[in-house]
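Let me begin by presenting the structure, written as structure tokens, before commenting on it.
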Amino acid sequence: MRQQILHILLIQVILVESLEGATGYLGENVTLPSNGNSSWRLSKIKWSIFLNSTWIATYQDGKENTNRLPRYKGRLSLNVSTGDLTIHNLTEDDAMEYTVDLINTEKKSIVNKIKLEVTQHLQKPTIKTLFNSSAEEGCWIGLHCISASEDVVFSWHVNSSNVTIFNMSHPQVKPGLHSTFFYKKQIPVQITCISSRNKENTSRVVTPECNDGKPQTQHQVQCRLRCGLCVFLGIFLGVVAVVIIYLCKGERKTSFFLGKFSRLPSLFQRNLS
Ligand SMILES: *[C@@H]1O[C@H](CO)[C@@H](O)[C@H](O)[C@H]1NC(C)=O
Ligand SMILES: *[C@@H]1O[C@H](CO)[C@@H](O)[C@H](O)[C@H]1NC(C)=O
Ligand SMILES: *[C@@H]1O[C@H](CO)[C@@H](O)[C@H](O)[C@H]1NC(C)=O
């Protein structure tokens, strides 16, 4: 009878098995909790993978070994007091089920399983301006927010009551969120697209400008160019005029000089004048 009770107890202890989930990000670290009893003093820790229970990290007789498998070489660290395993520099191949065997100094045992998921951080969304045109009271702008990440939910946020959102569709899954905004002139506005997935959020801000329409600015630029050309032409003509005047004066002087001081034969003089 006593043996039977002992047996049942043992089985019960071993059956305390749970499948927990953990999430890590590519290139980062993740700590897989052993979920052991915090009051236990551990004498053995064995972390294994695959159906054939290939050991990857062990602690036994006061020695730890975390370099059992090439694929995890230098990337594992074991906390021998808690039994937690930290995997460094996560790769996609690390995503799988991990098993931990814990044995305490009183020879009690626990087996836990943890399923590790490896994902990529949510990437910042991109905002494309579809149009931006001015009206009498303000500007209309069409924006399209997209993300390179999968399964993302989008929403808009505006920083002032001077911006009105039209036809904002319900937060959508890919391929993004597309809305039209109306904002008043001469007031700085910020329009933010927030993308979220699970508990992660990221955003991007645009600060559109409402001038009196882009064509006019272009017109102004053209005007300025034309003016510049006019000024240049003016200066050029001025210089030419001065040169011509100078040349003419010079010629007159020369003839005066010739006429007064050089007593040239009258034939020559007549010819010159
Ligand atoms: C255990 O299984 C893995 C994958 O299924 C395999 O690569 C490995 O060679 C196996 N190890 C032994 C000792 O059988
Ligand atoms: C092991 O984990 C405990 C509890 O999280 C922590 O206080 C301790 O510093 C860790 N030890 C090592 C070597 O990381
Ligand atoms: C992380 O892993 C990548 C690819 O395996 C490697 O290129 C990189 O050097 C590693 N980084 C660190 C800090 O170990």
Side-chain angles (χ1 to χ4, degrees), residues 3 5-124 147-153 173-174 194-203:
Q3 237 181 354
I5 288 172
L6 209 86
H7 192 68
I8 287 167
L9 270 176
L10 246 174
I11 284 174
Q12 272 182 335
V13 168
I14 287 167
L15 280 181
V16 181
E17 214 178 75
S18 58
L19 184 61
E20 294 250 334
T23 304
Y25 295 100
L26 272 181
E28 295 186 4
N29 306 337
V30 70
T31 297
L32 304 179
S34 71
N35 289 319
N37 191 326
S38 57
S39 67
W40 280 17
R41 286 200 57 216
L42 298 171
S43 66
K44 278 185 192 172
I45 305 163
K46 284 176 189 162
W47 280 92
S48 57
I49 52 171
F50 302 144
L51 290 172
N52 58 17
S53 296
T54 304
W55 289 346
I56 57 167
T58 54
Y59 172 73
Q60 201 165 359
D61 304 324
K63 280 183 218 148
E64 55 179 292
N65 186 348
T66 51
N67 277 328
R68 291 184 159 272
L69 219 59
R71 59 187 289 165
Y72 290 103
K73 200 163 174 67
R75 295 200 297 126
L76 299 180
S77 51
L78 197 56
N79 184 323
V80 295
S81 56
T82 60
D84 296 349
L85 179 74
T86 301
I87 308 176
H88 303 273
N89 199 6
L90 278 175
T91 69
E92 269 172 13
D93 294 338
D94 295 340
M96 66 175 104
E97 205 174 284
Y98 293 80
T99 304
V100 58
D101 280 73
L102 301 172
I103 296 168
N104 72 0
T105 46
E106 283 139 42
K107 304 254 186 288
K108 281 188 190 159
S109 156
I110 285 184
V111 179
N112 279 321
K113 284 184 188 295
I114 292 156
K115 194 174 168 62
L116 174 65
E117 258 183 57
V118 179
T119 66
Q120 233 178 342
H121 271 301
L122 194 55
Q123 285 171 278
K124 259 181 177 291
S147 171
S149 299
E150 304 272 319
D151 305 321
V152 175
V153 175
V173 182
K174 254 186 157 183
I194 303 162
S195 66
S196 42
R197 185 181 61 192
N198 301 329
K199 284 168 199 160
E200 240 189 317
N201 284 321
T202 178
S203 63

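In each ligand, atom 1 is the first atom listed, and ligand 1 is the first ligand listed. Only heavy atoms go into these numbers, but all of them, side chains included; no hydrogens, no water, no symmetry mates.
- For atom 3 (C) of ligand 1, the closest non-hydrogen atom on the protein side is Phe50 CD1, 3.5 Å.
- Between the Asn65 side chain and the Asn67 main chain, a donor and an acceptor come within less than 3.5 Å of each other.
- Side-chain N or O atoms of Arg75 include one that pairs as donor or acceptor with a backbone N or O of Asn89 at under 3.5 Å.
- For atom 11 (N) of ligand 2, the nearest non-hydrogen atom of the protein is Asn79 ND2, 3.0 Å.
- Atom 7 (O) of ligand 2 lies below 4.0 Å from none of the non-hydrogen atoms of the protein.
- The local environment of NZ in Lys115 is sparse, with at most 12 non-hydrogen atoms from other residues, nucleotides or ligands closer than 6.0 Å.
- Within ligand 1, the atoms closer than 4.0 Å to a non-hydrogen atom of Thr54 are 1 (C), numbered from 1 in the order shown.
- Judged by distance alone, the side chain of Thr66 and the main-chain N or O of Ser77 form no donor-acceptor pair under 3.5 Å.
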Walk me through whether Glu28 and His121 qualify under side chain to side chain donor-acceptor pair (under 3.5 Å). CA-CA 10 Å; Glu28 295 186 4; His121 271 301; 2.8 Å; yes

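- With respect to Asp61 and Lys44, no salt bridge is recorded, no charged nitrogen being found less than 4.0 Å from a carboxylate O.
- Near Ser81, meaning under 4.0 Å from one of its heavy atoms, ligand 2 places the atoms 1 (C).
- The option from Thr82, Leu78, Val80 that lies nearest to atom 4 (C) of ligand 2, judged by heavy atoms, is Thr82.
- Of all protein heavy atoms, the one lying nearest to atom 13 (C) of ligand 1 is Asn52 ND2, 4.4 Å.
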